[in-house]
Structure formats: C-alpha cells, structure tokens
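Here is the structure we will look at.
Excluded from the calculations below are hydrogen atoms, water molecules and symmetry mates; all remaining heavy atoms, backbone and side chain alike, are included.
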Amino acid sequence: MFLPKGGTLNIIAHLKQQNLGIWGFDALFIRMLGYPQSGWIDIGSTLLSRGDFFYKLTKAKAAVKQITLIPGETFYFFSQELAKELALSQKVLQETYNKHAHYADGVILADTYNIPMGISEENLILYLLDHSLKRHENLAKKILGEYDEVQWFKYITIASIIQKEAANLYEMPLISAVIHNRLKKKMPLQMDGSLNYGKYSHTTVTPQRIRNDTTLYNTYKYKGIPQNPVGSVSFDAIKAAISPANVDYLFFVKNAQGTHTFTRNYNEHLKNIK
C-alpha cells in the first residue's frame, strides 16, 4: 500500500479517496497508535479488521522487493530489470549511474538487494553504489590489508573477465593464472569474455565482432586489461583474481564436457582446438 507524504490528515484524505471506508475522526484513533510512515508499506494482508488495519498503518515496515544481480551480468541489463520491477526509468538509472560511479561497470557487487518500493532512481543508485563501495573497501582491507581503489579495481576488472570465462568455481584460479601469466609476458589476453561488456553481455563473440570492435575491451587488439570491469563479480572471482593458481598455463579452450582444457604451449593448444 502507498501512503503519501504529509501528516495523518493528509493520509486519511488519501485513504478516503481509495474508498476504504475511512473517516476524518479515524485520525484520532490512528494518532493514539502512532504515526503512519509515507511511501510503500507492507500491511501483510488484504483482509483486516478496522483496528488491525489502523495498527498496520502505524507499525508496518516499508514494502521491499528483492532483486538479484547475478555474477557476470552487466549494469546495462541489471538496470533494465530494476526499471521493470520497480517501475523506474532505465534511462535515468543509467544516467545516474554514469554520473556517480567511477567505473562503467563492476562497482555494484553481485548480490540480492532488498529495494524499498517507491524509491527514486537517484536514491536507488546512490544506495547500491554506497553499499557496494563499503563492501569493496572491507574486502580489500580483509584480503590485502589496505584499500587502494585504483589497484583494487584492477583486480575487479580481472575478476570480471574470470567471471565471464570460468565454467565453474574450480576453474577460476586457473583462468586467473592464464591472465596473470599473459600479462607478465606482455601477451594480449585474447579472451572473449572481455567483449561481453554492456549490451553485449549475452552476445556470442564472432571473428567479425573481434575485427570490428575498436574499444579497449577488445583484448585481441589491445594488451593489458580493459580500463573498466566487464560486469558484476562474485567474491570467488575476486579471490581468484588476487590469488591465481600456481601454474604456468597460457592457453585454454572449451572442451566437449563444457569446461576448459588448459595448456602451457601453443602447439598443444592447437591440438586441443582440433
């Protein structure tokens, strides 16, 4: 149920307009119980006695909706889900994110969020960013002993590629090792996952796409990691990015089991491709 801003009399007037059988003198009884909060509230039932209804008006908690940002998803698609579930503007959500976030993606951590109904686009983005940035800082201090935002988000960028590439949790440290080993040898990463950014999150990376994409996300054309994460990340991907497996793998290819086969040299890699 939605209650407008204002005093008890304003709320009574609003409820009368909803044909709920509420009268002006009911304000006295409501005031004895407390003060209704404005916004969306969860009264818990559609069939209540008059007294229970008034009690709920003053004691009910804000109505919330659970929305999950899955690991690997991009803000482009997450903002569409937020807009749909909360009746908000996807355009305003994206513009607000661009205004406040330091990185094009990956700042909001993969998690399930309880979002108050009726929240504005501005307040929603500020809440998600503030909540996630605090967790970023806490995780960095827990794992590394300090929080250097620039260095930390380099790890987040690596984690976001791991999130896209790994077939399971076991593979994450192995994918991380390939990334770190290639970076040390100044080899291009050449990973499809880096091209699954933004609106391309669910798009198959084709040879034509690799040729035509001129952004820094294209790790086939540019060495190093992209300037921004390519999507949301889980804690497991972050751990893998920071602590890669102690192996000297440089290549991997998807196998018939849907996982990956890792190799140390290019000739073995070509055999695995065949």
(request) Determine whether Leu189 and Leu216 fall in the same hydrophobic cluster, where Ile, Leu, Val, Met, Phe, Trp and Tyr are linked whenever their side-chain heavy atoms lie under 4.5 Å apart. (result) no
If you count heavy atoms of other groups shown closer than 6.0 angstrom to CD of Gln227, is the number above 12? no
For atom NZ of Lys199, is the number of surrounding heavy atoms from other residues, nucleotides or ligands below 6.0 Å larger than 12? no
- Query: Is the cationic atom of Arg182 (NZ for Lys, CZ for Arg) positioned less than 6.0 Å from the six-membered ring centroid of Tyr249 and within 45 degrees of its normal?
  - Reply: no
For Ala159 and Ala241 the tightest heavy-atom approach is N-CB, 3.7 Å
The reported gap from CZ in Arg264 to CZ in Phe251 (rounded to nearest 0.5 angstrom) is 12.5 Å
request  = Decide if atom NE2 of His102 counts as having more than 12 heavy atoms of other residues, nucleotides or ligands within a radius under 6.0 Å.
outcome  = no
What I'd like to find out is whether the side chain of Leu128 reaches to under 4.5 Å of the side chain of Leu82, using heavy atoms alone.
yes
Note: Gly106 and Pro229 closest approach over all heavy atoms is CA-CB, 3.8 Å
Exercise. Do Val247 and Met187 sit in the same hydrophobic cluster, where Ile, Leu, Val, Met, Phe, Trp and Tyr count as joined when their side-chain heavy atoms come under 4.5 Å apart?
Worked result: no
Rounded to the nearest 0.5 Å, the CE atom of Met172 sits from the OG atom of Ser243 at a distance of 13.5 Å
Are Asn138 and Tyr147 packed together at the side-chain level, in the sense that at least one heavy-atom pair is separated by less than 4.5 angstrom? no
message: When you compare the side chain of Thr259 with that of Lys254, does any pair of heavy atoms fall below 4.5 Å?
response: no
Item checked: Polar contact flag, side-chain donor to acceptor under 3.5 angstrom, Asn218-Thr214 -> no
message = Is any side-chain heavy atom of Thr219 closer than 4.5 Å to one of Pro188?
response = no
task = Would you check if the side chain of Asn255 reaches a backbone N or O of Gly258 as a donor-acceptor pair within less than 3.5 Å?
result = yes
Item checked: Intermediate values then yes/no, side chain to side chain contact (heavy atoms under 4.5 Å, CB included), Tyr113 and Ser132 -> CA-CA 11 Å; Tyr113 297 92; Ser132 291; 3.4 Å; yes
Practice problem: I would like to know whether Leu250 and Thr263 meet side chain to side chain contact (heavy atoms under 4.5 Å, CB included); could you show each step before the answer? | Solution: CA-CA 6 Å; Leu250 290 171; Thr263 52; over 6 Å; no
Rounding to 0.5 Å, atoms CZ (Arg209) and CG (Leu195) come to a distance of 5.0 Å
Would Val230 and Asn196 count as a side chain to side chain contact (heavy atoms under 4.5 Å, CB included) if you check the C-alpha gap in whole Å, the side-chain angles of each, and the deciding distance to 0.1 Å? CA-CA 7 Å; Val230 294; Asn196 288 133; over 6 Å; no
If we ignore angles and hydrogens, is there a donor and acceptor under 3.5 Å between the side chains of Asp105 and Thr74?
no
Does Ile115 belong to the same Ile/Leu/Val/Met/Phe/Trp/Tyr cluster as Leu129, with side-chain heavy atoms less than 4.5 Å apart forming each link? yes
On a heavy-atom basis, the closest approach of Ser89 and Glu121 is N-OE2, 2.9 Å
What class does the angle between the rings of His136 and Phe153 fall in, given that below 30° is parallel, 30 to 60° is tilted and above 60° is perpendicular?
tilted
Handout entry: Trp152 and Glu137, any side-chain heavy atoms less than 4.5 Å apart
Key = no
Looking only at side chains, do Gln90 and Ser79 share a donor and an acceptor under 3.5 Å apart?
yes
Quiz question: by atom type and distance under 3.5 Å, do the side chains of Ser201 and Glu73 form a donor-acceptor pair?
yes
Between the OG atom in Ser232 and the CD1 atom in Ile108, the distance rounded to the nearest 0.5 Å is 9.0 Å
Notebook entry, point to check: Is there a side-chain contact between Leu144 and Tyr155, using heavy atoms and a 4.5 Å cut-off?
Noted result: yes
- Query: Would you say the side-chain atoms of Ser234 and Asp236 include a donor-acceptor pair closer than 3.5 Å?
  - Reply: no
How about Asn114: does its CG atom have over 12 heavy atoms from other parts shown lying under 6.0 Å from it? yes
d(Ile162 CD1, Ile175 CD1) to nearest 0.5 Å is 8.0 Å
Of all heavy-atom pairs linking Gly231 and Ser160, the shortest is O-CB, 3.7 Å
Note to self: If hydrophobic clusters are built from ILVMFWY residues whose side chains come within less than 4.5 Å, do Leu174 and Ile242 share one?
What the structure shows: no
Subject >> Linked, directly or transitively: Ile179 and Ile238 (ILVMFWY side chains, under 4.5 Å) >> reply: no
A side-chain contact here means heavy atoms from C-beta on lying under 4.5 Å apart; do Val107 and Phe75 qualify?
no
Scanning both residues in full, the closest heavy-atom pair of Pro226 with Ser194 reads CG-CB, 4.4 Å
Sub-3.5 Å donor-acceptor pair from the side chain of Asp130 to the main-chain atoms of Leu126, do we have one? no
Any non-hydrogen side-chain atom of Glu171 less than 4.5 Å from a side-chain atom of Phe252? no
Minimal heavy-atom distance between Glu165 and Asp192, with the atoms involved, is OE2-N, 3.2 Å
With Leu109 as partner, the option from Leu69, Val233, Leu133 fulfilling side-chain contact (heavy atoms from CB on, under 4.5 Å) is Val233
TODO: Would you sort out whether Asp213 and Lys221 count as a side chain to side chain contact (heavy atoms under 4.5 Å, CB included), showing the intermediate values?
DONE: CA-CA 9 Å; Asp213 192 299; Lys221 289 186 176 182; 5.9 Å; no
NE2 (His202) and OG1 (Thr204) are apart, to the nearest 0.5 Å, by 11.5 Å
